S.K.: 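Can you read through this structure? Questions will come right after.
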Amino acid sequence: MDTATEVRTHILDWYEDHFVEFPWRSSRSPYHSLVGGFCTQQTQMSRALETHARWLHAFPTVANLAAAETSEVLRVWGKTGYPKRAVYLQRAAQQCMERFGGEIPSELDDLLSLPGVGPFTAEIVRCFGFGLAVLTVDTNIVRIFGRVFEGDLQPIKDTSKDRIKEISEQFIALGRTDLINPALMDFGASICTGRPRCDECPVSDICKAASKFISGQVPEPQRKNKVYAGSDREWRGKILELLTRYSRPVSEKKIRKILSLESDEQTQRLLMGLEKDLLVSRQNQLVKLG
DNA sequence: AATTCGGGGCA
DNA sequence: TGCCCAGAATT
């Protein structure tokens, strides 16, 4: 039995005892999966689940979403983070209406052509929405594969994408991706985490990185965070939050005053950035959401 | 290849 | 405080 087969068997056994349902997994709805894919991009499951439920309540169908006001879309997205995702998701829905007869496509290239849809989200839709035999290679699966098969501590940085793809294809060839895909994702989210729990891991005796972790080695940060306080990101969030609270457009002057922005130049720069990202629009010094 | 883009949770 | 989180687009 080769290593991939053995790892797969152990992970599937683990999954039997740690199965968790997610609303976009069993529903086998391309739309629910698409929303799930967007919600989970760089976002913890707890918050993604809340956004997903809120979103489907507000926009039950692709047609509803496509026809909605963008300001409403941004309000429903709320403080989920990366609000551009909300705009992309609505535009993706609009393109599905225009280009794909109101249906979400199942072809990889078609999905990838939608705004805000990359390899991860596309495969989420294909795996959970359409039940196709694919793996959604997310950060969790990269971590597991890079560690178990290559002995890398921080595979996001250290393991080549080609190698990850090779291993993925091995797993796909072994079948039942409908089981092994969520099993791997959940396993990576709870056992093979950034600081893995090798003492609870069912494949630690196979994993090429386990001895390194057990002897106390620590992975390098996958990316160094910049200071958030006072950053454009923080200001953009404050401006959007302000516009979300008001039901009508707000003047640029008022925005600057309420938020105590340093200068008109800074205010203009931030608003231009938000406008470029289609998060706000401006007319006659008045700023509105969407 | 590096940077940008939120916001919250947790050690 | 620093790092992380079911990524994707832009430069």
Side-chain angles (χ1 to χ4, degrees), chain A residues 20-25 32-52 74 77-89 91-92 111-129 134-145 153-158 160-161 164 168 177 180-197 218-242 244 269-270 272-280:
Chain A
V20 186
E21 178 52 27
F22 289 119
W24 54 88
R25 282 191 181 170
H32 291 196
S33 307
L34 183 72
V35 175
F38 270 87
C39 290
T40 50
Q41 291 170 11
Q42 287 292 286
T43 305
Q44 296 89 333
M45 282 303 313
S46 57
R47 229 163 2 125
L49 286 167
E50 293 172 7
T51 304
H52 187 267
L74 284 166
W77 190 258
K79 296 190 169 188
T80 308
Y82 292 143
K84 214 186 305 187
R85 283 184 290 175
V87 176
Y88 281 147
L89 180 48
R91 294 168 76 83
L111 284 163
L112 292 175
S113 76
L114 296 172
V117 176
F120 165 76
T121 305
E123 297 294 43
I124 286 280
V125 172
R126 285 158 57 76
C127 180
F128 298 116
V134 298
L135 277 194
T136 68
V137 182
D138 70 329
T139 176
N140 290 309
I141 292 185
V142 171
R143 243 192 348 258
I144 298 168
F145 287 173
L153 298 191
Q154 191 62 282
I156 302 289
K157 289 168 54 107
D158 301 336
S160 83
K161 299 200 172 192
I164 296 295
S168 305
T177 53
I180 193 63
N181 192 15
L184 284 167
M185 295 172 95
D186 292 359
F187 184 78
S190 56
I191 303 293
C192 199
T193 54
R195 305 292 182 93
R197 305 160 64 178
V218 174
E220 288 291 310
Q222 31 183 295
R223 51 189 164 202
K224 285 171 277 290
N225 273 9
K226 295 194 170 179
V227 181
Y228 181 65
S231 65
D232 279 5
R233 277 189 181 185
E234 184 178 34
W235 284 119
R236 287 164 58 107
K238 285 182 175 177
I239 293 172
L240 287 182
E241 193 275 334
L242 173 64
T244 300
R269 185 170 56 76
L270 291 167
M272 276 201 328
L274 288 167
E275 193 171 29
K276 181 170 179 293
D277 289 339
L278 303 173
L279 296 168
V280 308

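Excluded from the calculations below are hydrogen atoms, water molecules and symmetry mates; all remaining heavy atoms, backbone and side chain alike, are included. Just so you know, these numbers come straight off a predicted model, no measurement behind them. Naming convention: chains lettered A, B, ... in sequence-line order (proteins, then strands); numbering from 1 in each chain.
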S.K.: Looking just at side-chain N and O atoms, do A:Arg85 and A:Thr80 make a donor-acceptor pair shorter than 3.5 Å?
M.R.: no
S.K.: Run the salt-bridge test on A:Arg47 and A:Glu50 with the 4.0 Å N-O cut-off and return the result as yes or no.
M.R.: no
S.K.: Protein within reach of the bases, or only the backbone? For nucleotides 5-11 of chain C, mark each nucleotide 5' to 3' as B, S or -, using heavy atoms under 4.0 Å.
M.R.: BBBSS-S
S.K.: Can you check whether A:Thr139 reaches A:Phe120 side chain to side chain, under 4.5 Å on heavy atoms?
M.R.: no
S.K.: Kindly check if the number of other-residue, nucleotide or ligand heavy atoms within 6.0 Å of CD (A:Glu220) is above 12?
M.R.: no
S.K.: Measure CG/A:Leu279 against P/B:dT4 and give the value in whole Å, please.
M.R.: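 Whole-Å distance recorded here is 17 Å.
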S.K.: Using whole Å, what does the distance between atom P of nucleotide C:dC4 and atom CZ of A:Arg195 come to?
M.R.: 8 Å
S.K.: What is the separation between atom CZ on A:Phe38 and atom C1' on B:dG6, rounded to the nearest whole Å?
M.R.: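 One finds 16 Å between C1' of B:dG6 and CZ of A:Phe38, rounded.
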S.K.: What is the distance from NZ of A:Lys157 to C1' of B:dA2, rounded to the nearest Å?
M.R.: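 Value for this atom pair: 12 Å.
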S.K.: Roughly how many Å is it from NZ in A:Lys226 to P in B:dG6, rounded to a whole number?
M.R.: 14 Å
S.K.: To the nearest Å, how far apart are A:Lys238 NZ and B:dG7 P?
M.R.: 11 Å
S.K.: Side chains of A:Leu34 and A:Val117, heavy atoms from C-beta outward: is any pair under 4.5 Å?
M.R.: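 Yes, at least one pair of side-chain atoms sits under 4.5 Å.
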S.K.: Quick one: label A:Arg236 by what it contacts on the DNA or RNA (base, sugar-phosphate, nothing), any heavy atom closer than 4.0 Å.
M.R.: sugar-phosphate
S.K.: Which whole-number value in Å describes the distance from A:Asp277 CG to B:dT3 P?
M.R.: 19 Å
S.K.: So do A:Phe22 and A:Met45 actually touch side chain to side chain, heavy atoms under 4.5 Å?
M.R.: yes
S.K.: What interatomic distance, in whole Å, is found between C1' of B:dG8 and the corresponding atom of C:dA9?
M.R.: 23 Å
S.K.: Do A:Arg195 and A:Val218 come within less than 4.5 Å of each other through their side chains, counting heavy atoms only?
M.R.: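 With C-beta onward as the side chain, the pair touches.
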S.K.: Would you measure the distance from the P atom in B:dA11 across to the matching atom in C:dA6 and give it in whole Å?
M.R.: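 It works out to 15 Å between them.
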S.K.: What's the gap between C:dC5 and B:dA1 when it is taken at their C1' atoms, as a whole Å value?
M.R.: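 After rounding to an integer number of Å, I get 22 Å for this pair.
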